[in-house]
Amino acid sequence: MDKIKTIVFKEWAEVFKNRLVLFTVIFLPLIMVALPLGTLAAMGNWNDELSQTSNDVPDEFFGELCEGLSEMDCAQVYMLDLFTLMLMILPVTIPVTIAAYSIVGEKTSHSLEPLLATPITTGELVMGKTIAAVIPAIAATWLSFAIYLVGARLMVTDTIFAYLVDPLWLIAIFVDSPLLTLMSVAIALMVSSRVSDPRVAEQLSAVVVLPLIMLIVGQSVGFILIDQTIIMILGVVVGVLDVVLLYFSVKVFQRETILTRWK
Amino acid sequence: MITTENLTKRFGDNVAVDRLTLQIAEGKVFGFLGPNGAGKTTTVRMLTSLIAPTNGRATILGYEVGKDDQNIRRNVGILTETPGMYDRLTAERNLSIYAQLYEVRDVAGQVEKYLRMLGLWERRHDAVGTFSKGMRQKLAIARSLLHEPRVVFLDEPTSGLDPEAAKLVRDFIAELKGEGRTIFICTHNLDEADRLCDRVAVFKTQLRVVDTPQGLRKQMYGRQVVFHLAETAVGWETAVANLPFIKRTQTVDNKLILSLDDPETHNPDIIRLLVNQGAAIQFVGELRHSLEDVYLQLVQER
Ligand SMILES: Nc1ncnc2c1ncn2[C@@H]1O[C@H](COP(=O)(O)OP(=O)(O)OP(=O)(O)O)[C@@H](O)[C@H]1O
Ligand SMILES: [Mg+2]
């Protein structure tokens, strides 16, 4: 336990001295929160002038999404849904960045061998590195969501706010996001073992974002409508992938493999 | 105490270490010499439970490699060939991370002890990235000792250091030996091995020889005496070669080099003979071979 803690704090001390990592962990969440809140503020101003904003909502969803809502409210709900979905990019990109820099950095500075010579088990080491990447990611996601909620509360009506704290999004943020984080770390661990440039590791691992982007694009062009079922399916699929990927990343993380094959 | 028995490591078809059998007694300094690619680092990695042997067995302090790996790691210190540090962290932080991983009780105390001992205490708050190569090496040595290991493996401890830093490291190793630790040094520096080691092994995939540095010299060359003459004449060498106790003779310029077992007894006879032949003897001296001569000969064989 103590060794895991040592690794976690070591990772944070090292990796947060890197500007790129800091940017991802601090500015990305800020942008993700500023965007929807800024848009909401702007929408508030238009409110009365333009009431055909509902053109933004793909016609297919009109009935499903906006039952009992005015066109304006419907547009807001639709937009907030999109931004909440986009918030889920955070639990994917943050851990990828942290894990990629932590592992590739360790490789290029040749510090893995002395580390592996200590009586730390490979399990503890993987755990330490995983936790070091997972905690900031989840913290940043939840904190962003909280700020987003508080900001939205001040700007939207009760009816619309209820859509934001719908179980759909609570599951997405509190269940799917941590699961996505784990998946990203596992993938970053594996990719990092194969490359020697943290940026390459980051970019390769960033493919994890693709399914999410597809969901976001899918919704914004009217191809799919994110609902509770999709979020649940996402959670189950990612959960299963987590187990499989973590199994393989622990397998990759063997003392001998690291020393003789990680180049 | 380190023992190996037919220890072998293969990487695919390439045999890096072939049936190495060794015994190293507790408290001794053991030099492991061999050319680049000989398999020294691979051997050290097996003995520190970093990689698994393909065949054979090894024990460190009675713990068997492959079975008691955690105990080996707890009781062994290693200076790796490329000793990586966390460059963005301070020297002190680097060491305390390792002290914690090595389950050291008094982390701050041990870190301070070794920082002071290696002359890095003043720089403890500086990021390691700002350190010179010599300072990094010293820090890495400190790191390998934090948990007071009874066995220490040093993979080329003085490579890349200037003569002064190298001497500091050598003196430090001598001090460690004084504390009764068993020390296993891989090195290319034969002078260093000669001065520090109780025994040395010459190794190139297979073990060539193991002996004390003096023993090796004797084993290879016997004892040799060199007679510096004003000039040489035909027949002198043959006359000397006919003496019953002379094993080998050789003339180089005006020097007559003779191999014999007991120069203290027989040198006077040789001198008498040479003087009778009319030779003008300028100097007589024992020819001391460096460990380097021995090493080069052994490594080039086969
Ligand atoms: N991970 C590996 N995969 C494949 N072959 C390896 C690996 N590590 C070492 N070897 C091979 O094993 C042999 C011994 O290498 P090793 O590094 O042990 O030599 P060394 O004696 O330490 O050399 P040097 O003096 O250059 O440090 C070499 O032929 C090397 O190519
Ligand atoms: Mg080597």
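Lettering follows sequence order; numbering is per chain, from 1. Note that the coordinates shown come from a computational prediction; the quantities given were computed from them, not determined experimentally.
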Student: Tell me whether the count of non-hydrogen atoms from other residues, nucleotides or ligands lying under 6.0 Å of CZ in A:Arg153 goes above 12.
Tutor: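 More than 12 heavy atoms, drawn from other residues, nucleotides or ligands, come within 6.0 Å of this atom.
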Student: Check A:Ser111 against B:Tyr86 and note the closest heavy-atom contact, atom names and distance.
Tutor: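 The answer is OG-CE2, 3.4 Å.
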Student: Minimum heavy-atom separation for B:Gln70 to A:Thr121, with atom names?
Tutor: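 Closest approach of B:Gln70 to A:Thr121, heavy atoms only: NE2-CG2, 3.8 Å.
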Student: Measuring heavy-atom distances to chain B, does A:Ile7 have an atom under 4.5 Å in its side chain, in its backbone, in both, or in neither?
Tutor: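 Contact with chain B is through the side chain of A:Ile7 alone.
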Student: Could you tell me which of B:Leu89, B:Thr42, B:Asn94, B:Asp87 has the largest number of non-hydrogen atom pairs under 4.5 Å with chain A?
Tutor: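 Of the options given, most contacts go to B:Leu89.
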Student: More than 12 foreign heavy atoms under 6.0 Å from CZ of B:Arg74: is that the case here?
Tutor: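 More than 12 heavy atoms, drawn from other residues, nucleotides or ligands, come within 6.0 Å of this atom.
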Student: What is the minimum heavy-atom distance between A:Ala13 and B:Arg93, and which atoms define it?
Tutor: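 For A:Ala13 versus B:Arg93, the nearest heavy atoms are CB-NH1, 3.5 Å.
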Student: Please report the interatomic distance CG(A:Leu116) to CD1(B:Ile51), rounded to the nearest 0.5 Å.
Tutor: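 Rounded to the nearest 0.5 Å, the CG-CD1 separation comes out at 12.0 Å.
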Student: Is the CZ atom of B:Arg116 crowded by more than 12 outside heavy atoms at less than 6.0 Å?
Tutor: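 Yes, the 6.0 Å shell around CZ holds more than 12 heavy atoms from other groups.
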Student: Can you establish whether the number of heavy atoms outside A:Phe27 located under 6.0 Å from its atom CZ is more than 12?
Tutor: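 At most 12 heavy atoms, drawn from other residues, nucleotides or ligands, come within 6.0 Å of this atom.
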Student: Just to be sure I understand the criterion: a residue of residues 236-259 of chain A counts if one of its heavy atoms is under 4.5 Å from a heavy atom of chain B. Which ones qualify?
Tutor: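 Checking residues 236-259 of chain A against chain B gives A:Arg255, A:Glu256, A:Leu259.
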Student: Could you report the tightest heavy-atom contact between B:Ile97 and A:Lys10, atom names first, then the distance?
Tutor: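 What the structure gives for the nearest pair is CD1-CG, 3.2 Å.
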Student: Does any part of the side chain of B:His147, heavy atoms only, come nearer than 4.5 Å to the side chain of A:Thr118, both counted from C-beta?
Tutor: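 SC-SC contact between A:Thr118 and B:His147 ruled out.
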Student: Could you tell me whether B:Lys113 atom NZ has more than 12 heavy atoms of other residues or ligands within 6.0 Å of it?
Tutor: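 For B:Lys113, atom NZ is crowded (more than 12 foreign heavy atoms under 6.0 Å).
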Student: Of the listed residues (B:Thr80, B:Ile72, B:Leu50), which shares the most heavy-atom pairs with chain A below a 4.5 Å separation?
Tutor: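 Top option by heavy-atom pairs under 4.5 Å: B:Leu50.
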Student: Look at atom CZ of B:Arg19 and say whether more than 12 heavy atoms of other residues, nucleotides or ligands are closer to it than 6.0 Å.
Tutor: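 No, CZ of B:Arg19 has 12 or fewer neighbouring heavy atoms, counting only those of other groups under 6.0 Å.
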Student: Check B:Arg88 against A:Asn18 and note the closest heavy-atom contact, atom names and distance.
Tutor: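 Scanning both residues, the minimum pair turns out to be NH2-ND2, 3.6 Å.
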Student: Measure the shortest side-chain to side-chain distance between B:Arg45 and A:Glu113 over non-hydrogen atoms and say whether it is less than 4.5 angstrom.
Tutor: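 Yes, side chains in contact.
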Student: With a 4.5 angstrom heavy-atom cut-off, could you sort out which part of A:Thr108 is near chain B: side chain, backbone, both or neither?
Tutor: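 Neither part.
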Student: Count the heavy atoms belonging to other residues, nucleotides or ligands that lie under 6.0 Å from CE of B:Met1, then report whether that count exceeds 12.
Tutor: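 Correct, the count exceeds 12.
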Student: Could you check whether any side-chain heavy atom of A:Ser109 comes within less than 4.5 Å of a side-chain heavy atom of B:Met85, counting everything from C-beta outward?
Tutor: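 Side-chain contact under 4.5 Å: no.
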Student: Would you say A:Asp2 has more than 12 foreign heavy atoms packed within less than 6.0 Å of its CG?
Tutor: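 Atom CG in A:Asp2 is not crowded, with 12 or fewer foreign heavy atoms closer than 6.0 Å.
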